[in-house]
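Note that the coordinates shown come from a computational prediction; the quantities given were computed from them, not determined experimentally.
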Amino acid sequence: VQLQASGGGSVQAGGFLRLSCVASARTFSGYGMGWFRQAPGKEREFVAAISWSGGSTYYADSVKGRFTISKDNAKISVSLQMNNLKPEDTAVYYCAAGGTRAIVAGTSDYWGQGTLVTVSS
């Protein structure tokens, strides 16, 4: 059972990227999903989360108004649209699946591999 993330890359400040994460099995049916990131030399931090129904979304203050999380339950996938990217958004981004509240609190039951996002000034 895996979470496969994709969509990272290099952009200039002000640009945009869209990250996607697909679950490999129906095991994740009913789970909330989300994204974390870890910048060089820093601890991993919560970025965004979405409930299984998609009816509730949560964001870190640093990305509110710029990032949008969405979910496709038919494909058991989650996406993160990142607009107006800033150099401080540079990090390895990880998708996660688990209890929505746990994800918002900073933990998760399942993790995908990271995808690197680099934003240059």
- prompt: Does the side chain to side chain contact (heavy atoms under 4.5 Å, CB included) test come out yes or no for Tyr31 and Thr100, once each step is laid out?
  reply: CA-CA 7 Å; Tyr31 278 60; Thr100 307; over 6 Å; no

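Smallest separation of non-hydrogen atoms from Ala97 and Ser108: O-OG, 2.8 Å. Pairing each heavy atom of Gly34 with each of Ile103, the nearest pair is N-CD1, 4.0 Å. When all heavy atoms of Ala49 and Val104 are compared, the closest pair comes out as CB-CG2, 3.9 Å.
Cluster membership check: Trp35 does not share its hydrophobic cluster with Phe16, using side-chain heavy-atom separations under 4.5 Å among Ile, Leu, Val, Met, Phe, Trp and Tyr. Side-chain heavy atoms closer than 4.5 Å link hydrophobic residues (I, L, V, M, F, W, Y) into clusters, and following such links, possibly through other members, connects Val119 to Tyr93. Clustering ILVMFWY residues whenever any of their side-chain heavy atoms sit less than 4.5 angstrom apart, transitively, puts Phe46 in a cluster other than the one holding Phe67. Clustering ILVMFWY residues whenever any of their side-chain heavy atoms sit less than 4.5 angstrom apart, transitively, puts Val22 in a cluster other than the one holding Val117. The same ILVMFWY cluster, assembled from side-chain heavy atoms under 4.5 Å apart, contains both Val47 and Leu17.
With rounding to the nearest 0.5 Å, the separation of CD1 in Ile69 from SG in Cys21 is 9.5 Å. Atoms CZ and CD, on Arg37 and Glu43 in that order, are 14.0 Å from each other to the nearest 0.5 Å. In this structure, NZ in Lys86 is found 13.5 Å from OG in Ser121, a value given to the nearest 0.5 Å. For the atom pair OG (Ser24) and CD1 (Ile76), the distance works out to 9.0 Å, reported to the nearest 0.5 Å. For the atom pair Ser51 OG and Lys71 NZ, the distance stands at 7.5 Å (nearest 0.5 Å). A distance of 10.5 Å separates SG in Cys95 from CZ in Phe36, rounded to the nearest 0.5 Å.
Residues Thr68 and Leu80 fail the side-chain proximity criterion, which asks for heavy atoms closer than 4.5 Å. Two residues are said to be in side-chain contact when any heavy atoms from C-beta on lie closer than 4.5 Å; Trp111 and Gln2 fail this criterion. Side-chain contact between Met82 and Arg66 is absent, with no heavy-atom pair separated by less than 4.5 Å. Within the 4.5 Å cutoff, the side chain of Met33 has heavy atoms near those of the Leu3 side chain. Contact annotation: the side chain of Gln113 never approaches that of Ser6 to less than 4.5 Å [non-hydrogen atoms, C-beta and beyond]. In this structure, the side chains of Tyr58 and Ile50 stay at 4.5 Å or more apart for every pair of heavy atoms.
Without hydrogens or angle criteria, Thr118 side chain to Ser10 main chain gives no donor-acceptor distance under 3.5 Å. Although no hydrogens or angles enter the test, the distance criterion places no donor-acceptor pair under 3.5 Å between the side chain of Ser79 and the main chain of Ser20.
Gln38 CD: more than 12 foreign heavy atoms inside a 6.0 Å radius.
Salt-bridge formation is detected for the pair Asp61/Lys64: a Lys NZ or Arg NE/NH1/NH2 atom is positioned less than 4.0 Å from an Asp or Glu carboxylate oxygen.
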